[in-house]
Structure formats: structure tokens, C-alpha cells
Peer 1: 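Pasting a structure here, questions to come.
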Amino acid sequence: MPQKIVPPPEPPEEAYPQSDLYRIRHSLAHIMAQAVLEKFPGAKIAIGPPVRHGFYYDFDLPRPIKEEDLKDIEARMREIIAEDHPFVRRVVSPEEARDLFKDQPYKLELIEDILNRGTDEYGNPLPPGETPILTTYRHGPFEDLCRGPHVERTGQINPKAFKLLSIAGAYWRGDENNPMLTRIYGTAWHTEEELQQYLRWREEAQRRDHRRLGRELGLFYFAPEEIGPGIPLFTPKGEIIRHLMESFVREVQTRYGYQHVWTAHIVKETLYERSGHLANYAEFMFPPMVDGNDRYRLKPMNCPSHMTLYKKMGKHSYRELPLRFAEFATLYRYEKKGELQGLTRVRALTQDDAHIFCTPEQIEEEFLLALKIIQEVLNRYRFTDYRVRLSLRGQGEKYIQDEEKWRQAEAALRAALDAAGLDYFEAEGEAAFYGPKADFLAQDVLGREWQLSTIQVDFIMPARLGLTYIGPDGKEHTPVVLHRAVTGTTERFLGILIEHYAGAFPVWLAPVQAVVIPITDAQAAYAHEVASKLREAGLRVEVDDRAETMQYRIRQAQLQKVPYMLIVGKREVAQGTVSLRLRSGENLGAMSLEAFLQKAREDIEAGV
RNA sequence: GCCACCGUAGCUCAGUCGGCAGAGCAGCCGCCUCGUAAGCGGCAGGUCGCGGGUUCGAGUCCCGCCGGUGGCUCCA
């Protein structure tokens with residue numbers, strides 16, 4: 001198991017607002033605002049809250065800010081800390097507040113909102129029972145509309161434990177119709193050591209960036225100008241990994257009673273009209289291809305295709321259910337340009353999708369089965385830390401009104417989660433409009449949480465598309481459909497895996513499992529002989545007999561993170577052995593081919 | 001889509017005040033035949049993202065577009 005590399009510990013989410021770290025970060029946001037106002041006279045200030053790992057403040061600046069400016073701002077912040085100003089809270093009347101912030105239009109907007117709508121300064125509703133009062137915090141010359149809390153004095157902040165990190169754009173109040181403000185992010189901790197640990201963690205994340213490793217390991221490329229933005233090209237090595245990933249999930253699914261189907265990449269638009277997707281998600285579809293009176297779309301999701309297939313296969317008896325259709329389907333979604341990111345957000349994506357057609361009574365059992373598949377798959381990929389978010393119906397009108405169905409489905413999901421012994425938390429109002437769902441949030445070795453698997457209950461689309469089965473009563477009923485993805489999409493999951501493993505894939509997934517390195521030309525023939533024997537035994541093996549030094553070729557294999565290096569020199573030829581070096585640098589010495597194969601089989605089995 | 005920054009060889013990058021486009025690695029050729037992370041020499045490699053403008057002269061300055069990065073918004 002690889003060692004976890006994590007940022008310094010943070011208080012749990014519930015306790016964060018009362019923690020010292022929160023006060024420090026919140027106070028630094030104010031101090032930064034003061035420094036920015038001094039450097040940019042006439043700047044308008046918006047909001048500056050603490051966030052995970054740090055804080056930010058949003059500004060409307062009179063001139064663009066540069067990265068170099070951050071150093072000056074940081075230096076001024078340290079001076080303010082050294083001046084050791086007390087933070088002074090006071091309650092102000094609406095008139096006083098309006099006067100105090102008369103040159104700060106964003107603050108004036110906040111004041112009116114607090115007074116009229118009972119929200120806090122970030123626009124969130126106040127806790128029940130709290131009346132809207134206006135408070136400010138002042139340190140030195142800087143006074144800000146703020147609920148606190150803060151440290152008592154600026155001097156309580158460790159001047160060596162914070163750093164300004166980056167400049168970004170952010171919409172006022174997060175609404176893309178509002179003006180774009182300049183956001184400055186900073187990080188802050190108790191001690192310099194914690195700051196250093198945090199910065200090392202960030203560097204490690206950069207070092208593992210799958211876009212960089214993907215190129216260095218020769219797995220995939222993007223050709224935005226030639227092929228198009230967000231559409232990856234996979235090399236032979238990259239394709240092998242995709243193939244292994246999909247074969248693995250396919251094998252598990254088959255074992256669990258899934259059947260694999262195939263549906264094409266283009267579909268008549270009319271199907272998406274009936275399914276309801278066109279009305280809601282047209283902006284995520286590529287524009288239509290027009291053929292006479294027909295319009296075709298690149299398939300952005302499989303559900304309508306699978307459901308059409310279900311219908312075409314004839315009348316279904318309740319005895320056939322559950323029917324589980326799975327497909328590794330490449331879908332095309334017109335993601336907005338600015339949202340594309342490496343393999344984690346692409347326009348051509350391959351979902352490991354499945355649709356389970358079942359009776360309402362079967363929801364619990366099928367949900368539990370899907371949970372088990374997901375657990376088995378995630379464990380194989382060494383994702384052992386995960387929790388489940390159970391998204392339930394909230395108060396909104398977007399939820400289809402069928403009290404009984406919702407209650408039944410939510411109860412079934414809870415029961416299955418309990419039966420699976422999974423750690424889950426409930427999120428009210430997060431459900432899709434068509435039913436409740438469960439998402440798996442898995443932690444990688446950097447402690448980052450990724451939403452991977454999802455299981456969604458759907459009461460709506462089967463009815464819309466006219467799906468039926470004949471029940472024991474001889475009458476037609478509408479099946480429930482579970483939408484389910486295990487790894488989400490092959491592309492995104494591969495991106496996450498690359499970062500999870502830092503490019504050092506476990507042996508079963510490594511595109512090249514072993515490189516045979518003959519020390520001199522004299523052993524080249526033997527090296528090829530060894531390679532072909534190992535290939536016969538099912539390993540992916542290459543020979544590096546280039547006219548370079550052995551050290552050079554070991555280094556190359558090392559950089560490619562090949563699990564096994566098999567060094568063969570005079571001695572190995574004489575004894576008919578190979579000398580095994582691992583990518584950890586460990587040298588296991590000479591062994592027979594049989595012994596090496598045994599070791600490889602064990603490692604494959606163990607998933608290391 | 002929005003804000004900021006960026007775009008020079010396959011990769012990482014240098015290129016000063018506007019004055020003949022560079023380095024390392026990778027690649028190719030040759031030598032070297034080596035015991036666990038970089039042997040030596042040579043050669044080749046460019047529409048300086050694209051288009052327009054300013055200028056005697058533009059990689060360098062200005063405008064537009066394309067693409068990328070970090071965020072924001074979004075993510076059925």
C-alpha cells in the first residue's frame with residue numbers, strides 16, 4: 001500500500017467555524033484586504049471567508065493585479081501582524097453601516113440583504129432564531145462588515161505560517177451574470193512546519209498531475225487544434241490500460257449477472273425529445289447532424305438507447321426481471337470550453353454504464369448487488385477509503401410528486417446500505433428529479449475525495465418511454481430503472497488512477513510489466529528468448545537491447561515505472577536465470593524464470 | 001462562457017532596449033560492450049500558435065482570433 005501524502009490535519013467540517021484555524025484564516029483575510037486597499041487605492045472589497053486549507057478575499061480592482069504584487073501584499077500583511085492590532089467587534093445600526101461603507105457598493109448590497117432577507121454576509125440564510133444584526137470587526141484602520149469570529153490580536157497569527165497562493169476570477173456571489181471580481185487565495189496554518197507540509201502536498205499533487213504523467217509515460221495525448229479540445233487520443237500503452245480496466249469491470253459484472261449490450265453513437269433527436277433530455281440538456285449535446293427530415297445527435301447518455309432496446313426485445317415478464325444491461329459506451333458531451341480539464345473533464349467519454357430494469361420490490365436487492373460490485377472494483381484499484389452520499393428528495397418542486405414511491409425507494413436504499421455495512425451520510429435535496437441516488441466518494445493517496453460510482457433510482461423515464469412488464473397479476477406495470485456506473489468514465493477514472501498511483505500502475509494494470517535488459521550485445525539473444533517465454537506465460541514484456549549502457553536503460557525503465565527489470569549478463573545466461581530489480585530500487589538477485597513468474601503472479605493477484 | 005496569466009524544436013526552457021532564432025533532454029548516425037537511476041562524438045530538427053497592424057526592420061510593440069493553465073460558473 002503506498003504511503004499517504006496528506007495536508008496537515010484540519011478540524012472536522014462542523015467544528016471548523018469555532019476553531020482557531022478558522023479565526024486565523026478569517027483574520028488573515030481582513031489583513032489581506034487592508035494590504036490590498038493600501039496598495040490599490042479605490043479598490044472595492046466584496047467578501048473574504050475562510051475556506052478549506054486557507055482563505056480568500058474578492059476585490060474589484062482599479063488595475064489588473066500581477067503575481068508579483070502578491071509578494072508586496074504578503075510583506076505588508078506581516079507588518080500588520082507585527083503591529084499587533086486588536087480585533088474589535090461592534091454592533092452598528094443600519095444607518096451607521098450604510099454610512100461606514102458608502103464607498104463600498106458590494107458591502108452596501110450585503111447590508112441590505114442582511115436586513116431584508118435575513119442572510120449572513122455570504123448570502124446564506126441565518127440559523128433559525130437569529131435576528132439580523134449588523135456587526136463589524138476593526139483592526140487598526142481597517143473595519144469590515146463581518147460576523148467574526150477573529151483572533152484577539154493580529155499578533156497572534158504566526159507570520160511564517162501563511163502564504164498567498166494565487167489570483168483567480170470569481171463572479172460576485174457566484175452568479176455568472178454578475179461582474180467578475182479578482183479573488184486572491186491564501187493558505188494559513190498554526191506553524192511554519194504545517195505550512196511547509198501543505199506546500200509539499202500541493203507540489204506532490206502537481207508532480208502527479210495525470211496530464212504530465214500521461215505524456216511522460218506515453219499513455220495519451222490531446223490535439224486540440226487538430227482533433228478538437230477535450231478529445232483525447234490514446235497510444236498503444238494507454239489503450240492497453242483502458243482495455244484492462246474495461247475487461248476487469250466486464251468480468252465482475254458478468255459474474256454478478258449483468259449482460260453486455262451495444263448501442264450506437266448516433267441517435268435520432270426525437271428519442272431525446274421523448275425522454276425529456278432534449279428539453280433539459282440540449283446545451284450539453286453536440287449540434288445535430290441533419291439528414292433530410294431527420295436530425296441525429298451524438299449520444300450524450302445511454303439510458304434512452306438501453307430503454308429502447310428493452311422495448312424492442314418484446315414483452316417482458318416479471319419472471320425475466322431484474323434485467324441488467326451494461327455497456328462501455330463512448331458518449332459525447334459538449335462541455336463548455338473553460339470546463340475541460342485533462343482526462344477528468346472531456347468531451348468524448350466512455351461510461352461503464354448499466355441500467356437495471358426491475359420491479360419496485362427488487363430495488364433493495366438490486367441496489368445491494370450494485371453496492372457489492374462497486375466495493376469489489378474499488379478495492380481492486382486500491383481505493384479503500386470511501387464513504388457514500390445518499391441523496392434524498394428535498395422540499396423543492398422539482399421532485400416528481402409521488403410520495404409513496406419516494407418513501408419506498410428511500411427506505412430500500414437505506415436498508416441496502418445498512419446491509420452492506422457502508423458508512424454513509426444523507427444529503428437532503430441532492431436527489432435527481434427522477435429519484436434518490438447514492439454516490440461513492442473515494443479518497444486517493446493524497447487524501448482528495450473523488451466522486452466515482454453512482455447508483456440512481458429512476459421512476460420517471462421508464463414511464464415516459466413507455467416501458468412495461470407483465471406482472472403476476474397478468475397486467476402491465478412500469479419497471480423501475482437503476483442507473484449505475486462503477487468507475488464513472490474510463491477516461492476520468494484513468495486520470496484519477498494515474499495520480500493515485502503516481503504513474504506506477506499495479507502489475508496487473510501496467511502497460512509494460514517487465515523489461516529485459518541484456519548487459520551487453522552478447523546476451524541479446526538470450527534476452528529475447530526470456531521475453532518470448534514470459535510472453536507465452538501471459539506477461540507484457542519488452543526487451544531493451546539498445547546500444548546504451550545498462551545503467552542508462554535501467555534509468556529509462558525506472559522513469560517509465562516498469563514494475564520489473566530483468567537484468568541478464570554472462571552469469572544469468574550461464575545459469576539460465578534472470579536478475580530481478582524492482583522499480584522500488586530493490587535488487588532481488590538472480591532467480592529462475594519459474595520463480596520470477598511465481599512472484600509476478602503473486603503480485604498480480606495481490607494487486608500491487 | 002467569464003476573469004487573470006501563458007503559447008519559441010517532440011519535451012523543459014533561454015532569447016536584454018525592436019537589429020542574423022539558442023541550450024539541455026529526446027531523436028538519428030557512429031564509437032563504446034558496460035553488473036543495478038544519465039558513456040563519448042557528430043548530425044538533424046523552427047510558418048517563434050494563426051491573421052492583421054505599427055516600423056527601414058517584429059519572437060519582441062498594438063489589435064483580433066485559436067489553443068492551453070489557474071480559478072469562477074456548470075457537471076443529467
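The sequence lines fix the lettering, A, B, ..., with proteins before strands; numbering per chain opens at 1. For the numbers below, each heavy atom of this structure counts, side chains included, while hydrogens, waters and symmetry mates do not.
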Peer 1: What do the steps show when you test A/Tyr434 against A/Phe459 for side-chain contact (heavy atoms from CB on, under 4.5 Å), and what is the final call?
Peer 2: CA-CA 6 Å; A/Tyr434 49 71; A/Phe459 312 127; 6.0 Å; no
Peer 1: For A/Arg333, report the nucleic acid contact type (base, sugar-phosphate, nothing); a contact means any heavy atom under 4.0 Å.
Peer 2: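 Base, at least one base heavy atom under 4.0 Å.
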Peer 1: Could a donor-acceptor pair under 3.5 angstrom be found where the side chain of A/Glu572 meets the base of B/G35?
Peer 2: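 Checked by distance alone, the answer is yes.
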Peer 1: Please report the distance separating the P of B/U36 from the corresponding atom of B/C72, rounded so that it comes out in whole Å.
Peer 2: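 So the two P atoms sit 50 Å from each other.
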Peer 1: For A/Pro224 and for A/Tyr281, find the nucleotide of RNA chain B with the closest heavy atom, then tell me which residue's nucleotide is more 5'.
Peer 2: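 Closest to the 5' end, via its nearest nucleotide, is A/Pro224.
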Peer 1: Flag the pair A/Phe325 / A/Phe357 as yes when their ring centroid distance falls below 6.0 Å, and as no otherwise.
Peer 2: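 Judged by ring-centre distance (under 6.0 Å), A/Phe325 and A/Phe357 do meet the cut-off.
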Peer 1: Need one value for A/Met550: base, sugar-phosphate or nothing, where a base atom within 4.0 Å counts as base even if backbone is also close, heavy atoms only.
Peer 2: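 Sugar-phosphate, backbone atoms only, no base.
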Peer 1: Between P on B/A76 and CD1 on A/Ile455, what's the gap in Å once rounded to a whole number?
Peer 2: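 It works out to 16 Å between those atoms.
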Peer 1: Tell whether A/Arg553 reaches the base of B/C34 with its side chain through a donor-acceptor pair below 3.5 angstrom.
Peer 2: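 No such pair is found, so the answer is no.
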Peer 1: Counting side-chain heavy atoms from CB outward, which of B/U36, B/G7, B/G35 is closest to A/Arg571?
Peer 2: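 Comparing B/U36, B/G7, B/G35 against the side chain of A/Arg571, the answer is B/G35.
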Peer 1: Would you kindly check whether a donor in the side chain of A/Arg183 faces an acceptor in the base of B/C72, or vice versa, at under 3.5 angstrom?
Peer 2: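 Answer is no: no donor-acceptor pair is held.
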Peer 1: Tell me, with the steps shown, if A/Arg274 and A/Leu465 meet side-chain contact (heavy atoms from CB on, under 4.5 Å).
Peer 2: CA-CA 7 Å; A/Arg274 275 184 289 135; A/Leu465 293 179; 3.9 Å; yes
Peer 1: Kindly give the atom pairs (protein nitrogen or oxygen, nucleotide nitrogen or oxygen) under 3.5 Å for nucleotides 1-4 of chain B.
Peer 2:
residue	atom	partner	partner atom	Å
B/G1	N7	A/Gly338	N	3.4
B/G1	N2	A/Tyr171	OH	2.1
B/C2	O4'	A/Tyr171	OH	3.4
B/C2	O2	A/Tyr171	OH	3.4
B/C3	O2	A/Gly169	N	3.3

Peer 1: Examine distances only and state if a side-chain atom of A/Thr489 and a backbone atom of A/Leu349 form a donor-acceptor pair shorter than 3.5 Å.
Peer 2: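 Answer holds: no.
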Peer 1: Calculate the interatomic distance between A/Arg274 atom CZ and B/A76 atom C1'; express it in whole Å.
Peer 2: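 After rounding, the reported distance stands at 19 Å.
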Peer 1: Donor-acceptor pair, distance only, cut-off 3.5 Å: does the side chain of A/Lys299 make one with the backbone of A/Thr263?
Peer 2: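 Looks like yes, one N/O pair under 3.5 Å.
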Peer 1: Using a 4.0 Å heavy-atom cut-off, does A/Pro179 contact any base of the nucleic acid, only the sugar-phosphate backbone, or nothing at all?
Peer 2: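 Result for A/Pro179 = nothing.
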Peer 1: Which is true for A/Tyr185 with a 4.0 Å heavy-atom rule: it touches a base, it touches only sugar-phosphate, or it touches nothing?
Peer 2: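 If one applies the 4.0 Å heavy-atom cut-off, A/Tyr185 turns out to touch the sugar-phosphate alone, with no base involved.
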Peer 1: For nucleotides B/A26 and B/G42, find the distance between their P atoms and express it as a whole number of Å.
Peer 2: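 B/A26 and B/G42 have their P atoms separated by 15 Å.
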Peer 1: Identify every side-chain donor-acceptor pair in residues 569-580 of chain A under 3.5 Å, counting partners at least two apart or on other chains, and give the distances.
Peer 2:
residue	atom	partner	partner atom	Å
A/Glu572	OE1	A/Gly569	N	2.9

Peer 1: What integer distance in Å separates A/Asp209:CG from B/U12:C1'?
Peer 2: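 So the two atoms are 15 Å apart, to the nearest Å.
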Peer 1: For residues 491-498 of chain A, run the donor-acceptor check on the side chains, cut-off 3.5 Å, and write out each pair with its distance to 0.1 Å, sequence neighbours left out.
Peer 2:
residue	atom	partner	partner atom	Å
A/Glu491	OE1	A/Thr350	N	2.6
A/Glu491	OE2	A/Arg242	NH1	2.9
A/Glu491	OE2	A/Arg242	NH2	3.2
A/Glu491	OE2	A/Thr350	N	3.3
A/Glu491	OE2	A/Thr350	OG1	2.8
A/Arg492	NH1	A/Gln451	O	2.8
A/Arg492	NH2	A/Gln451	O	3.2

Peer 1: CG of A/Leu340 versus P of B/C74: gap in Å, rounded?
Peer 2: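 My rounded result for the distance is 17 Å.
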Peer 1: When rounded to the nearest Å, what value does the distance between C1' atoms of B/G41 and B/C5 take?
Peer 2: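 About 42 Å, rounded to a whole number of Å.
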Peer 1: Of all the choices, B/G67, B/C75, B/A76, which nucleotide is nearest to the side chain of A/Arg345 once you look at every atom?
Peer 2: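 Comparing B/G67, B/C75, B/A76 against the side chain of A/Arg345, the answer is B/C75.
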Peer 1: Considering only NZ, NE, NH1 and NH2 on the basic side and carboxylate oxygens on the acidic side, decide whether A/Lys437 and A/Glu430 come within less than 4.0 Å.
Peer 2: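 No, no charged N to carboxylate O under 4.0 Å.
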Peer 1: Sequence neighbours left out, what passes side chain to side chain contact (heavy atoms under 4.5 Å, CB included) with A/Arg555? Give chain and number order.
Peer 2: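 Scan of A/Arg555 (side chain to side chain contact (heavy atoms under 4.5 Å, CB included), adjacent residues dropped) gives A/Leu559.
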Peer 1: Could you pull out all residues at least two apart from A/Asp353 that satisfy salt bridge (Lys or Arg N to Asp or Glu O under 4.0 Å)?
Peer 2: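 Salt bridge (Lys or Arg N to Asp or Glu O under 4.0 Å) check on A/Asp353 returns nothing, list empty.
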Peer 1: One thing to verify: whether A/Arg173 and A/Asp113 come together as a salt bridge, which I'm taking to mean a side-chain N less than 4.0 angstrom from a carboxylate O.
Peer 2: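 Yes.
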Peer 1: When the distance from CD of A/Glu226 to P of B/G49 is rounded to whole Å, what number comes out?
Peer 2: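 The answer, rounded to whole Å, is 15 Å.
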Peer 1: For B/C29 and B/G22, measure between their C1' atoms and round to the nearest Å.
Peer 2: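 About 23 Å, rounded to a whole number of Å.
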Peer 1: Apply salt bridge (Lys or Arg N to Asp or Glu O under 4.0 Å) to A/Arg347 and list each qualifying residue two or more places apart in sequence or on a separate chain.
Peer 2: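 Applying salt bridge (Lys or Arg N to Asp or Glu O under 4.0 Å) to A/Arg347 gives none.
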Peer 1: Going by the rule side chain to side chain donor-acceptor pair (under 3.5 Å), which residues pair with A/Tyr57 if we only count those two or more places apart in sequence or in a different chain?
Peer 2: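 Per chain and number, A/Tyr57 pairs via side chain to side chain donor-acceptor pair (under 3.5 Å) with A/Lys107, A/Asp144.
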Peer 1: Can you name the side chain to side chain donor-acceptor pair (under 3.5 Å) partners of A/Arg76, sequence neighbours left out?
Peer 2: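 So A/Arg76 forms a side chain to side chain donor-acceptor pair (under 3.5 Å) with A/Glu38, A/Glu79, A/Glu83.
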Peer 1: With a cut-off of less than 4.0 Å, is there a side-chain N or O of A/Tyr334 near OP1 or OP2 of B/C75?
Peer 2: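 Answer is no, no contact under 4.0 Å.
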Peer 1: Rounded to the Å, how far apart are A/Leu217 CG and B/A26 P?
Peer 2: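 Rounded to the whole Å, the gap is 17 Å.
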Peer 1: Passes side-chain contact (heavy atoms from CB on, under 4.5 Å), A/Leu343 versus A/Phe222? Steps please.
Peer 2: CA-CA 9 Å; A/Leu343 286 183; A/Phe222 282 94; 4.0 Å; yes
Peer 1: B/A23 and B/G45: how far apart are their C1' atoms, nearest whole angstrom?
Peer 2: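 My reading of the C1' atoms in B/A23 and B/G45 gives 14 Å.
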Peer 1: Taking 4.0 Å as the cut-off, does a side-chain nitrogen or oxygen of A/Gln451 come that near to OP1 or OP2 on B/C75?
Peer 2: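 Looking at the OP1 and OP2 atoms of B/C75, neither is under 4.0 Å from any side-chain N or O of A/Gln451.
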Peer 1: Once you round it to whole Å, what is the distance between P of B/U73 and CD of A/Gln341?
Peer 2: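 Those two atoms, CD and P, are 15 Å apart.
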Peer 1: Output the rounded distance in Å from CD (A/Glu273) to P (B/A76).
Peer 2: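 That distance rounds to 22 Å.
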Peer 1: Of the nucleotides B/C74, B/A76, B/G35, which one has an atom closest to the side chain of A/Gln456?
Peer 2: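 Nearest to the side chain of A/Gln456 among the choices is B/A76.
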Peer 1: Which parts of residues 579-593 of chain A get close to RNA chain B, meaning a heavy atom less than 4.0 angstrom away?
Peer 2: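 Contacting residues: A/Ser579, A/Arg581, A/Asn587.
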Peer 1: Polar-atom pairs under 3.5 Å, protein N or O versus N or O of nucleotides 27-32 of chain B: list them with distances, or write none.
Peer 2:
none

Peer 1: Quantified in whole Å, what is the C1' atom distance between nucleotide B/C13 and nucleotide B/G51?
Peer 2: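 Pairwise C1' distance, B/C13 against B/G51, rounds to 27 Å.
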Peer 1: Side chain to side chain contact (heavy atoms under 4.5 Å, CB included) with A/Ala170: which residues, sequence neighbours excluded?
Peer 2: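 Once residues adjacent in sequence are excluded, the partners of A/Ala170 under the side chain to side chain contact (heavy atoms under 4.5 Å, CB included) criterion are A/Asp58, A/Arg183.
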Peer 1: Is A/Arg211 touching bases, backbone alone, or none of the nucleic acid, heavy atoms closer than 4.0 Å?
Peer 2: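 Sugar-phosphate only.
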Peer 1: For RNA chain B, which consecutive runs of 3 or more Watson-Crick or G-U pairs (each distance under 3.5 Å) count as stems?
Peer 2: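 Correct response: B:1-7 with B:66-72, B:10-13 with B:22-25, B:27-31 with B:39-43, B:49-53 with B:61-65.
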Peer 1: Given the P atoms of B/C11 and B/G53, what is the spacing between them in whole Å?
Peer 2: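 So the two P atoms sit 30 Å from each other.
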